[in-house]
Number of protein chains: 2
Amino acid sequence: MESSTATSGGGSSRREATRQKLYEAAVTLIAEQGFSATTVDEIAERAGVAKGTVYYNFASKSVLFEELLRHGVGLLTASLREAAERTAGEGGSRVDALDAMIRAGLVFIDRYPAFTQLYVAELWRTNRAWQSTLLVVRQEAVAVVEDVLREGIASGELSEELDIPLTAAALVGMVLVAALDWQAFQPERSLDEVHAALSRLLQGRVSGGR
Amino acid sequence: MESSTATSGGGSSRREATRQKLYEAAVTLIAEQGFSATTVDEIAERAGVAKGTVYYNFASKSVLFEELLRHGVGLLTASLREAAERTAGEGGSRVDALDAMIRAGLVFIDRYPAFTQLYVAELWRTNRAWQSTLLVVRQEAVAVVEDVLREGIASGELSEELDIPLTAAALVGMVLVAALDWQAFQPERSLDEVHAALSRLLQGRVSGGR
DNA sequence: GTTTTTGAACTGACCAGTCAGTGCAAAAGT
DNA sequence: ACTTTTGCACTGACTGGTCAGTTCAAAAAC
């Protein structure tokens, strides 16, 4: 059983390649137009496969979308966690870790702008089929930031008065929105400029000279 | 978006009342489901009018939506500007003004959560009919924040190294996302708690004890 | 008597999901 | 060697339903 061919743990590599193409096609189209306005025919056409293939690989349009979400947020949290751990390994402070995560977030959004757009657009909708998936997926991402805040407070580096969940949400939001705005309305800026602006905001160097 | 029976600029108050009902119905439904997934029949039903009335008052579904956007952002910018000016009148600093605007933003989102949700969901989409409307409308809102930042720098109260457009976008994003997250995932928090958390972030009291 | 609303029927486009069938490569049979 | 079978991956025409937008005569509101 199974056509061997290559490496992958689960299905054949041919199938996996098709799914990948469908992810890529779907993520751009849905980011541009929204879930409901994007047709399965469009997705199939952009992926260069027949419509039937979409349904051969995914149970439905919304299942395709849910798996897409899980896949994407997996990449993001891995990237954030890696940044935090790398900083810790280098003996940096927790504020350094937050700064590194801001940068990691920006790099991610720079590489996968469509995914980010789609995530933000769908996150706060209520009464949707994939609502529970989104909740889980958001919690994973925010938790990484919350962990670092908690460590910072424990070590006395951050104020005990910090409201961890609210601050984490605000930080994530700040990065998300600033990055999307950068892409959409100020694309001439460099990643470093954006990072510097956010860094300054985080470290309270907004007021006061220099 | 709330009645305000009298005052309005133009047509008869009866017609205006109908339009208002349609705005309210549309804003909730579109926030919940997205533009494409919301049908005109649903909007009419929730507003308690006949479908024909929708088309008597608006040329099309997307025109209704565009006017909705303009109307809502008008309220927001008025509210932000009022907060900034009130603070100035009381002899507050520019940082106080920013703080007051954060609160004004939170109050607005608290009162019109559906509108905010819908705005965020649509803002960064490309290739949509109302794209240009959104661009104008975003610029108006961000400009209010930029003005205060500029004044703060001119008076020496804020650092000259501040990147005005990026910082303004980040601040707006921070408030927007923190507020939506509050509504959706931490509704038990009070407005004051959320305001305090954001205030602390703005004023750089994250790191360092107290 | 003018403006606004009603409500129901209708049209035509569009779209998610289906299904009978194709191509093909590896296994089984001879 | 060669034929036949198996089943995976994919195809694309088709179906049943949905929805934006139209129409209009009659009623209601002003």
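From a predicted model like this one, the values you see are computed outputs, not experimental measurements. Reminder, nothing fancy here: chain letters follow the sequence lines and each chain counts from 1.
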Of the listed C:dT6, D:dG21, C:dA16, the closest approach to the B:Lys61 side chain comes from D:dG21
Closest nucleotide of DNA chain D for A:Gly48 versus for B:Ser62: which of these residues is on the 5' side? A:Gly48
Does the pair B:Arg125/A:Glu32 count as a salt bridge with the N-to-O cut at 4.0 Å? no
Write down the distance between OH (A:Tyr56) and P (D:dC8), rounded to a whole number of angstrom. 6 Å
Ring of B:Tyr56, cation from B:Lys51 - is the NZ or CZ under 6.0 Å from the centre and inside 45° of the axis? no
Between A:Asn57 and D:dA9, does any side-chain N or O lie under 4.0 Å from OP1 or OP2? no
Nucleotide nearest A:Asp41 (side chain, heavy atoms from C-beta), chosen from C:dA16, D:dA20, C:dT5: C:dA16
Which is more 5' along DNA chain C, the nucleotide nearest A:Glu42 or the one nearest A:Ala59? Just name the residue. A:Glu42
How many Å lie between CD on B:Gln20 and P on C:dT4, as a whole number? 17 Å
Atom-pair distance (NZ on A:Lys21; C1' on D:dA9), nearest Å: 11 Å
Interatomic distance where CG belongs to A:Leu64 and C1' belongs to C:dG17 [whole Å]: 14 Å
Name the closest nucleotide to the B:Ala50 side chain, picking from C:dT4, C:dT6, D:dG12. C:dT6
Expressed in angstrom and rounded to an integer, what is the separation of B:Tyr55 atom OH from D:dG21 atom P? 4 Å
Proximal nucleotide (of D:dA20, C:dG17, D:dC10) relative to the A:Arg15 side chain: D:dC10
Measure from CD on B:Glu45 to P on D:dC19 and round the result to the nearest Å. 12 Å
Identify, with sequence neighbours excluded, every residue that meets side chain to side chain contact (heavy atoms under 4.5 Å, CB included) alongside A:Glu45. none
Without swapping roles, check the side chain of A:Thr167 against the backbone of A:Asp163 for a donor-acceptor pair under 3.5 Å. yes
With sugar-phosphate meaning primed atoms plus P, OP1 and OP2, does B:Thr38 contact a base, only sugar-phosphate, or nothing at under 4.0 Å between heavy atoms? sugar-phosphate
Using a 3.5 Å distance criterion without hydrogens, assess whether the side chain of B:Arg70 forms a donor-acceptor pair with backbone atoms of B:Thr133. no
Which protein N or O atoms sit under 3.5 Å from an N or O of nucleotides 9-14 of chain C?
none

Which nucleotide in C:dT6, D:dT11, D:dA20 has an atom nearest any side-chain atom of B:Thr53: C:dT6
A:Ile43 CD1 to C:dC15 C1': how many Å, rounded? 12 Å
Return the value, rounded to whole Å, for the distance between atom CG of B:Leu29 and atom P of D:dC19. 13 Å
Ring centres of A:Phe58 and A:Tyr23 under 6.0 Å apart? yes
Test item: A:Arg138 and A:Val73 side chains (from C-beta on) under 4.5 Å apart, heavy atoms: no
